[in-house]
Structure formats: structure tokens, C-alpha cells
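Notes to accompany the following structure.
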Amino acid sequence: MRIDIITCLPRLLDSPFNDSILKRAQEKGIVTVAVHDLRNHATDRHRTTDDYAFGGGAGMVMMIEPIHRCISSLQSERTYDEIIYMSPDGELLTQSIANQLSLNQNLIFLCGHYKGVDERVREHLVTREISIGDYVLSGGELAAAVLADSIIRLLPGVLSDETSALTDSFQDGVLAPEVYTRPSDYNGWKVPDVLLAGNSAHIEDWKYENALKRTKKRRPGLLEGD
Ligand code: ADE
């Protein structure tokens, strides 16, 4: 898979992709993440990528031309499955969207800033808009990193068996069960007996019941298909 991220603040994305699982996924050749500085696609000598809003109002608007030039140059290299604009008014990211996007070959993520992008970018260039939650971030970069992480960890070969994504919360429409490690008794706070007894059928039943109980208590909406 290849993910191209378009941003006017490329340094914000240095660290998320240069550590741990996302770094290893790139080293193993499973994913290529390329970050593109929008300012390199500006047409004036000040490398301007934003301007005042027509009709007035506070805040700058990201201009269509540098964005179009950047997207077109990427499209001249390969075909993209989706061009995703990160925006608080996009569709809410869920595990099911991450699963679906992980099946694609080439994705572009466009990060907005200030008051966002000229509406014509959304109308004519973008194929999908995604929000990572009902709150407003300073820009789309951290949201793009979250979306990329949620997708990349699902790609075959990225996680070991031990950390397999199949047992994650949300993957079966329920939260993951509780987990424990040594010591089995810490100051009188005990690990459930069933996990120590070594009967794998009982352990599997317990995990299933525990996951259901936890979901009913914390996120009942998940069981009702919300
Ligand atoms: N940009 C600003 N806030 C955002 C959010 N919640 N999700 C995606 N992109 C954003």
C-alpha cells in the first residue's frame, strides 16, 4: 500500500511514522508513506497556499491551485483509490472504515488548516471526507496520522500473531476483554481464577462473556448496532 499525505506542515508528521509499528511496516516494504509539502506546489515566490475568504470573515482558506497541482502530480504517477480530506465534518472514522480502506492500494490524505480548503476542492478533487471525532483539531495532520495508523496496522505482516488486530476492540462489534499479567496477586488485587487454571475452553468462554459484559456496560450502543 502507498499513502501520500498532503500538508502545509510536513514536520508535524515526522514522528508518528518514524517509530515503532508504523516505522517497521515501512522498513518491511509493506507500506510507503510519503509526506508532501503543499508549499512546494505554490506558484508564487512566497510559496503561498492560503488566502482571505471571499465575502469576508475571520480566518484564511487553503487555495485550490496548489492542492490541485499536488494531487495532479501524484495522479500522473499512479491511480488513487481514494482522495481523503481530513475534516471534522466528514464521516466518523470507525473500525469498519479502517478495515475497508486497508484493502486499497493507493490513498491520498489531504490535511486542512485554518478555516479549511476552498469548497471546490471538496466538490471536485476529493472522493471522501473523514473525521476522527466530534471535536476540532488545529489541523488535519494528527487526524491523518490516526487514520494511517488505523489502516496500516491491519495490513498483512505488520502485526505479529501476538498483537493480531483480529482480537482488537470493535473488530467483532464488541470491546476487547480484560487482560492481566504477572503477578497474579498484587497487594490482594487478584487475577480472575479462570485465567490461571489453564483450561483453554473455559478461558475462551470467559473472554467472550467478559467482552460482552464490558461492552454492555461501557458501550451498549455497539450491541444495538449504533
Ligand atoms: N481537522 C480538524 N479537526 C478534525 C477532526 N476532528 N477530524 C479530522 N480532521 C480534522
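What's counted below: heavy atoms across the whole structure, side chains too, no hydrogens, waters or symmetry copies. Order of appearance sets the numbers: ligands from 1, and atoms from 1 within every ligand.
- Between Leu147 and the options Leu142, Leu101, Leu107, a side-chain contact (heavy atoms from CB on, under 4.5 Å) holds for only Leu101.
- Minimum interatomic distance between Ile151 and Ser102 (heavy atoms only, all atoms of both residues): CG2-CA, 3.7 Å.
- By the 4.0 Å N-to-carboxylate-O rule, Asp89 lies close enough to Arg122 to be salt-bridged with it.
- Under 4.0 Å is where a charged nitrogen must lie from a carboxylate oxygen, and between Arg128 and Glu91 at least one such pair does.
- Residues Val146 and Phe17 share a hydrophobic cluster, clusters being chains of Ile/Leu/Val/Met/Phe/Trp/Tyr side chains in contact below 4.5 Å.
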Which protein N or O atoms sit under 3.5 Å from any N or O of ligand 1? Give atom names and distances.
from	atom 1	to	atom 2	distance (Å)
ligand 1	3 (N)	Leu137	N	3.0
ligand 1	6 (N)	Gly133	O	3.1
ligand 1	6 (N)	Tyr135	O	2.8
ligand 1	7 (N)	Ile132	N	3.0
ligand 1	9 (N)	Ser87	N	3.2

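- The side-chain contact (heavy atoms from CB on, under 4.5 Å) check on Leu12 picks up Leu9, Glu141, with sequence neighbours excluded.
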